[in-house]
Protein chains: 2
Amino acid sequence: MSVKEHIKEYKRELILDAASKLFYEKGFQKTTIDDIGAALGVTKPFIYTYFENKYSILEHLFDQAFHDLYADVIKVLNNKEGKPQDRLQRFVTVYVEKNIERQKITAIMLEEEKNLNAKKVADIRRKQREFDAKLARLIEEGVSTGVFHVSDPMIASLAISGMVRWTHRWYSPQGRLSVSELTKNLSTLALNLVGCTQN
Amino acid sequence: MSVKEHIKEYKRELILDAASKLFYEKGFQKTTIDDIGAALGVTKPFIYTYFENKYSILEHLFDQAFHDLYADVIKVLNNKEGKPQDRLQRFVTVYVEKNIERQKITAIMLEEEKNLNAKKVADIRRKQREFDAKLARLIEEGVSTGVFHVSDPMIASLAISGMVRWTHRWYSPQGRLSVSELTKNLSTLALNLVGCTQN
DNA sequence: GCTCCGATCTACCACCCGGTACATTTGCCT
DNA sequence: AGGCAAATGTACCGGGTGGTAGATCGGAGC
């Protein structure tokens with residue numbers, strides 16, 4: 001990639017950053033392209049040389065999110081080394097960390113899904129289901145080896161996801177809890193939830 | 001209340017119902033007053049005789065939601081009869097039922113909060129915090145009587161709320177689970193989560 | 001059957017905002 | 001330095017949508 005292309009890519013990132021901040025604060029529909037421009041000290045056509053239209057900014061934000069939010073988490077889920085209880089603990093830790101680290105985009109993904117086209121929504125839903133199924137399978141392993149005790153691994157999987165993803169609504173880095181205290185607490189609660197009898 | 005006023009009230013409810021359906025499907029900003037009118041086979045000025053403006057429809061929806069979503073749940077939380085584990089189980093059951101029963105409005109409350117004014121948001125946040133604190137207190141009681149085992153009741157409270165509220169994203173009445181199976185499962189998971197050692 | 005009043009509709013306005021044509025500037029290459 | 005292309009700004013358009021004024025319809029009471 002040439003220097004020029006690097007610069008172009010960097011400008012795209014700046015736009016995406018400004019947009020994600022505004023989408024998080026005001027919502028997609030209520031932020032105008034002029035708002036994004038103003039945040040960068042730039043005018044509308046600047047934005048349009050880097051993105052086809054307003055919708056495409058949101059779409060890129062979702063793509064970026066899936067890439068650097070889920071990549072690591074899925075890696076942890078796919079790593080079959082260690083006992084199920086250790087794997088679950090590692091998973092919850094990374095999942096919580098990622099959710100906090102990228103709180104804005106996490107919130108946007110939940111709140112602005114309606115503004116995506118049907119194809120993109122279907123794509124996201126599919127990835128989400130795969131993710132949930134992977135976690136369910138991990139829980140199932142723990143059940144079959146006798147360390148976890150739940151009657152329905154899929155529900156437990158969805159319960160854990162809900163527990164983790166809800167953090168974006170209440171956790172503040174300025175609050176009484178550090179991220180590591182939070183991850184420690186939530187991974188313990190997750191192990192409780194699946195009825196883990198060993199550590 | 002006179003017959004006339006009853007009819008007026010009924011028409012307001014019809015508008016709110018149509019609006020909530022559309023807000024759920026398309027989002028607040030993307031649904032027009034004409035959309036709402038069309039859904040009712042009626043024109044724009046009809047809506048405006050019952051609501052001051054578009055925003056006020058959303059506000060009434062939130063008020064209604066707090067009234068008939070939280071009223072019963074808070075009642076259960078306030079009811080101090082029985083052992084903590086029974087109370088927690090009752091709470092989760094009712095909370096899940098209400099979330100499913102009023103899935104549309106539950107989703108709207110999470111996704112459209114940005115469209116409320118600052119005062120209303122502050123009001124909602126305060127009610128939410130009170131709610132979370134009440135649940136935390138229940139968990140704390142269980143901890144102090146030795147049936148629950150969590151290090152931070154507030155986090156456990158928020159974890160349970162997340163677990164329950166997430167259902168609106170994945171539960172479908174057409175799916176494999178009945179509501180009662182769901183409530184049974186989730187209340188068990190909640191008891192696990194708080195490390196309940198008795199039943 | 002007539003009148004009056006309230007409920008609802010027709011028709012319209014005005015503004016906001018996504019998007020674009022074209023002018024202008026900037027900076028790179030020779 | 002000069003010229004050229006790419007990047008960015010100025011100025012504008014046009015559609016969509018919240019909101020409203022005044023016409024019209026319909027029913028209750030006499």
Side-chain angles (χ1 to χ4, degrees), chain A residues 1-62 108 111-112 114-117 120, chain B residues 1-62 108 111-112 114-117 120:
Chain A
M1 198 157 56
S2 73
V3 172
K4 222 172 211 168
E5 279 166 336
H6 268 290
I7 288 175
K8 202 165 177 184
E9 196 52 40
Y10 182 62
K11 287 179 182 172
R12 288 172 70 90
E13 301 260 320
L14 286 178
I15 294 171
L16 286 173
D17 278 359
S20 77
K21 186 161 182 256
L22 288 165
F23 292 170
Y24 177 67
E25 286 164 5
K26 309 170 55 170
F28 177 72
Q29 295 286 347
K30 282 178 94 176
T31 87
T32 68
I33 305 284
D34 282 327
D35 288 337
I36 301 172
L40 295 166
V42 114
T43 58
K44 209 155 29 177
F46 176 93
I47 315 279
Y48 279 95
T49 57
Y50 296 93
F51 291 93
E52 198 186 341
N53 51 36
K54 192 186 175 188
Y55 170 76
S56 126
I57 299 177
L58 186 66
E59 207 171 59
H60 276 83
L61 230 39
F62 269 76
I108 293 170
E111 288 166 17
E112 308 297 349
K114 282 183 180 58
N115 295 298
L116 297 174
N117 63 42
K120 200 83 190 167
Chain B
M1 199 155 55
S2 72
V3 173
K4 225 173 211 171
E5 279 166 336
H6 267 291
I7 288 174
K8 203 164 177 184
E9 196 51 41
Y10 181 63
K11 287 180 182 172
R12 288 173 69 91
E13 303 260 320
L14 286 179
I15 294 171
L16 287 173
D17 278 358
S20 77
K21 185 159 182 261
L22 289 163
F23 292 169
Y24 176 67
E25 287 164 5
K26 309 171 52 169
F28 177 72
Q29 295 285 347
K30 283 177 92 176
T31 87
T32 69
I33 305 284
D34 281 327
D35 288 337
I36 301 172
L40 296 166
V42 116
T43 58
K44 206 152 38 172
F46 177 92
I47 315 279
Y48 279 95
T49 56
Y50 295 94
F51 292 94
E52 199 184 341
N53 51 36
K54 191 185 174 187
Y55 172 77
S56 125
I57 298 177
L58 185 66
E59 207 172 60
H60 275 84
L61 231 39
F62 269 76
I108 293 170
E111 289 167 15
E112 308 298 349
K114 282 182 181 57
N115 296 299
L116 297 174
N117 63 40
K120 200 82 190 169

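Chain A is the first sequence line, chain B the second, and so forth, proteins listed ahead of strands; every chain is numbered from 1. Keep in mind the model is a prediction, meaning the values are calculated, not measured. Computation of the quantities below employed the complete heavy-atom set of this structure, encompassing side-chain atoms and omitting hydrogens, waters and symmetry-equivalent molecules.
Rounded to an integer number of Å, the gap from Asn53(A) CG to dT20(C) P is 8 Å. Rounded to whole Å, the distance from NZ on Lys54(A) to C1' on dT20(C) is 17 Å. Computed from coordinates, the Leu22(A) CG to dC17(C) P distance equals 13 Å when rounded to whole Å.
Qualifying side-chain hydrogen bond (donor to acceptor under 3.5 Å, both in side chains) partners for Lys120(A), counting only residues two or more places apart in sequence or in other chains: Asp63(A). Here Tyr55(B) pairs with Glu59(B), Asn117(B) under the side-chain hydrogen bond (donor to acceptor under 3.5 Å, both in side chains) rule; sequence neighbours left out. Judged as a salt bridge (charged side-chain N to carboxylate O under 4.0 Å, His left out), and not counting sequence neighbours, the contacts of Glu111(B) are Lys114(A).
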List, one per line, each side-chain donor-acceptor pair under 3.5 Å for residues 10-18 of chain B, sequence neighbours excluded.
| residue | atom | partner | partner atom | Å |
| --- | --- | --- | --- | --- |
| Arg12(B) | NH1 | Tyr50(B) | O | 2.7 |
| Arg12(B) | NH2 | His60(B) | NE2 | 3.1 |

Can you give the donor-acceptor pairs under 3.5 Å from side chains of residues 28-35 of chain B to other protein atoms, not counting sequence neighbours?
| residue | atom | partner | partner atom | Å |
| --- | --- | --- | --- | --- |
| Gln29(B) | NE2 | Asn115(B) | OD1 | 2.7 |
| Thr32(B) | OG1 | Asp34(B) | N | 3.4 |
| Thr32(B) | OG1 | Asp35(B) | N | 3.0 |
| Thr32(B) | OG1 | Asp35(B) | OD1 | 3.4 |
| Thr32(B) | OG1 | Asp35(B) | OD2 | 3.3 |
| Asp35(B) | OD2 | Lys26(B) | NZ | 2.9 |
| Asp35(B) | OD2 | Thr32(B) | N | 3.0 |

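To the nearest 0.5 Å, atoms CD1 (Ile47(A)) and CD1 (Ile57(A)) are separated by 6.0 Å. The line from CG of Leu116(B) to CZ of Phe62(B) is 4.5 Å long, rounded to the nearest 0.5 Å. Separating the CD atom in Glu25(B) from the CD1 atom in Ile108(B) is a distance of 9.5 Å, to the nearest 0.5 Å.
Here chain B contacts DNA chain D (any atom closer than 4.0 Å to a heavy atom, that is under 4.0 Å), and the contacts span dT17(D) to dA21(D) from 5' to 3'.
At a threshold of 4.0 angstrom between heavy atoms, the contacts of Lys8(B) with the nucleic acid are absent.
Remark: Thr31(B), Thr32(B), Ile33(B), Lys44(B), Pro45(B), Tyr48(B) in residues 27-50 of chain B come within less than 4.0 Å of DNA chain D through at least one heavy atom.
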